[in-house]
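Let me begin by presenting the structure, written as structure tokens, before commenting on it.
Remember, it's 1-based here, ligands and their atoms both numbered in the order they're listed.
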Amino acid sequence: MNIVILAAGQGKRMHSNLPKVLHPLAGKALVSHVIDTARSLSPRRLCLVYGHGGDVVRAALDAPDLAWALQEPQLGTGHAVQQALPLIADGGTTLVLYGDVPLIQADTLKRLLRAAENALAILTVELPDPQGYGRIVRDAGGRVVRIVEQKDAHADERLIREINTGIMAMPTARLGEWLGRLSSNNAQNEYYLTDIVGMAVEEGLPVHTANPLHAWEVLGVNSKVQLAELERIAQRGYAETLMEQGVRLADPARMDVRGSLECGRDVFIDVNCVFEGQVQLADAVEIGPNCVLKNARIGTGARIAAFTHIEDAIVGADGMIGPFARLRPGTELAEDVHVGNFVEIKKSTIAAHSKANHLAYIGDATIGSRVNVGAGTITCNYDGASKHRTIIEDDAFIGSDTQLVAPVTVGRGATVGAGTTLTKDAPADSLTISRARQSSIAGWKRPVKQKTSR
Ligand code: UD1
Ligand code: MG
């Protein structure tokens, strides 16, 4: 079986410099949804017909299993498939998909392929308003005779409500000859792929139709409005799958998955969370409202409170993060680590039971177990040229408003007094403090403003 994906169309109505098929849906290019579904059917050849914005499309999607057929100029869907012919395997069935119909499901395509055994098969739907689509013309016995495009159809043909979705499967062996016989003698001066249906009928080849399992699978994207409609459909689908797996969503209409989200048992997700890339939530994780998680792994029982932003980071079991925390790339927190409001952590590991509960910046640090990082603590990891590491060993206590000027090490069990600017290592089990001694001047008077005399 071959699959040919048509993606050469311009997409004028998107009003964008980005080629239409590269616009993101659920965080992934429209055509990438189609490519992934196609791959799941294990075709012998997977060929993309590209044209508009060609180089950009190819550069964005190139992969070893894709064959690329340039269609320039674009003379219609039949002409498009013709460009792919030299690149596909002889024999078997060829399945034609559209790069701008992203939600088509593998199960539907399998049904279509079954209908295409020794036949030509068309994926069709009945629409209350078939305006603009090619119509399926049947004879008195209900057999498909041909497809007529809207612009070429007579008034009575325009009443037909069964339309061509554009997705078709046909015997590869006949395709070359059929496409060679196409003419552009029609209302749009295009080579219509749909004309091969009439040719198959003339040859006595059976023509079958199949229907998608859901009507939304065959919706195309031609405008930003349609893109947004399909985004909601895709998101509703993700939300339903998660709920069926046992995830509790505060509101399935208010969460967005732009990648893959894997959840354990008894996970709860509050409203307005965005999940990007690969995100894993273990059992009993709770995500508060308005969180963004990108490429993150959250351990069993961890709680991520409102407005937390996590990227390329790992949170251990029973962690308590946020509200308003930011875990940047390279953050690895072991179990039961607490990270509170306005704490930013980057490229750092924090071992079990340590806490940084308020207003801190921890960058390029290795922090041991049971460490307390006081409010306002900052690792001064950057000297303007290079980054340096801070090491804080187990059971250390870092007083509030400490600056750790890296490279620097705080020894096991050490205490650093509040307000310290630490420029040298703090020895284990000692108090280190760098703070001007406090003194008081008794009876000191504040200056008062002099009255100006005239
Ligand atoms: C096509 C079908 C019509 C069907 C409709 C479903 C034909 C002649 N008509 O019409 O029966 O009801 O889709 O949406 O096939 N493309 C190319 N190269 C081209 C032209 C198109 O790659 O030269 C690609 C487009 O990028 C798009 C797909 O083919 O992905 C369909 O093209 P479009 O112009 O939307 O076809 P319609 O006229 O809508
Ligand atoms: Mg169209």
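With a 4.0 Å cut-off on non-hydrogen atoms, Val101 does not touch ligand 1 at all. Of the heavy atoms in Glu149, only side-chain atoms (C-beta onward) come closer than 4.0 Å to ligand 1. Of the heavy atoms in Val21, none comes closer than 4.0 Å to ligand 1. Contact annotation: for Ala8 versus ligand 1, heavy atoms closer than 4.0 Å belong to both the backbone and the side chain. Contact annotation: for Gln71 versus ligand 1, heavy atoms closer than 4.0 Å belong to the side chain alone.
Under 4.0 Å is where a charged nitrogen must lie from a carboxylate oxygen, and between Glu177 and Arg174 at least one such pair does. Between Lys20 and Asp100, at least one side-chain nitrogen of the basic residue sits less than 4.0 Å from a carboxylate oxygen of the acidic one, meeting the salt-bridge criterion. Between Asp55 and Arg58 there is no salt bridge, since no side-chain N of the basic residue sits under 4.0 Å from a carboxylate O of the acidic one. Of the charged side-chain nitrogens involved, at least one lies within less than 4.0 Å of a carboxylate oxygen, so that Asp256 and Arg232 count as a salt-bridged pair. Electrostatic pairing of Lys294 and Asp312 does not count as a salt bridge here, judged by no charged N lying under 4.0 Å from a carboxylate O.
Heavy-atom contacts of Leu6 reach the following atoms of ligand 1: 22 (O), 24 (C), 29 (O), 30 (O) (cutoff under 4.0 Å). The atoms of ligand 1 that sit less than 4.0 Å from any heavy atom of Gly134 are 3 (C), 4 (C), 11 (O), 12 (O). Close approach of ligand 1 to Ala7 is summarised as follows: ligand atoms under 4.0 Å from at least one heavy atom of the residue are 22 (O). Residue-ligand proximity, Leu75 to ligand 1, at heavy-atom distances under 4.0 Å covers atoms 23 (O). Residue Asp100 approaches ligand 1 through these ligand atoms, each under 4.0 Å from one of its heavy atoms: 27 (C), 30 (O). Near Tyr192, the atoms of ligand 1 lying under 4.0 angstrom from a non-hydrogen atom of the residue are 8 (C).
In the candidate list Gly51, Gly76, Pro73, Gly76 is nearest to atom 20 (C) of ligand 1, counting heavy atoms. The heavy atom nearest to atom 4 (C) of ligand 1, considering only Asn164, Ile122, Asp152, is found in Asn164. Nearest residue to atom 1 (C) of ligand 1 from Tyr133, Tyr98, Tyr50 is Tyr98 (criterion: closest heavy atom).
For Thr165, the closest heavy-atom approach to ligand 1 falls below 4.0 Å. Distances from ligand 1 to the non-hydrogen atoms of Ile163 include no value under 4.0 Å.
Counting heavy atoms of neighbouring residues, nucleotides and ligands inside a 6.0 Å radius, atom CG of Asp65 exceeds 12 of them. Heavy-atom neighbours of Asn118 CG from other residues, nucleotides or ligands within 6.0 Å: at or below the threshold of 12. Heavy-atom neighbours of Lys224 NZ from other residues, nucleotides or ligands within 6.0 Å: above the threshold of 12. More than 12 heavy atoms of other residues, nucleotides or ligands lie within 6.0 Å of CZ in Arg181, so this atom counts as buried by the packing criterion.
Considering only heavy atoms from C-beta on, Asn381 stays 4.5 Å or farther from Lys347 through its side chain.
The shortest N/O to N/O separation between Thr77 and ligand 1 falls below 3.5 Å. For a threshold of 3.5 Å applied to N or O pairs, the pair formed by Gly9 and ligand 1 contains at least one separation below that value. The N/O atoms of Leu193, backbone and side chain alike, include none that comes under 3.5 Å of an N/O atom in ligand 1.
Between the Glu332 side chain and the Gly330 main chain, no donor and acceptor come within less than 3.5 Å of each other.
Asp364 pairs in a salt bridge (charged side-chain N to carboxylate O under 4.0 Å, His left out) with only one of the listed residues (Arg328, Lys387, Lys346), which is Lys346.
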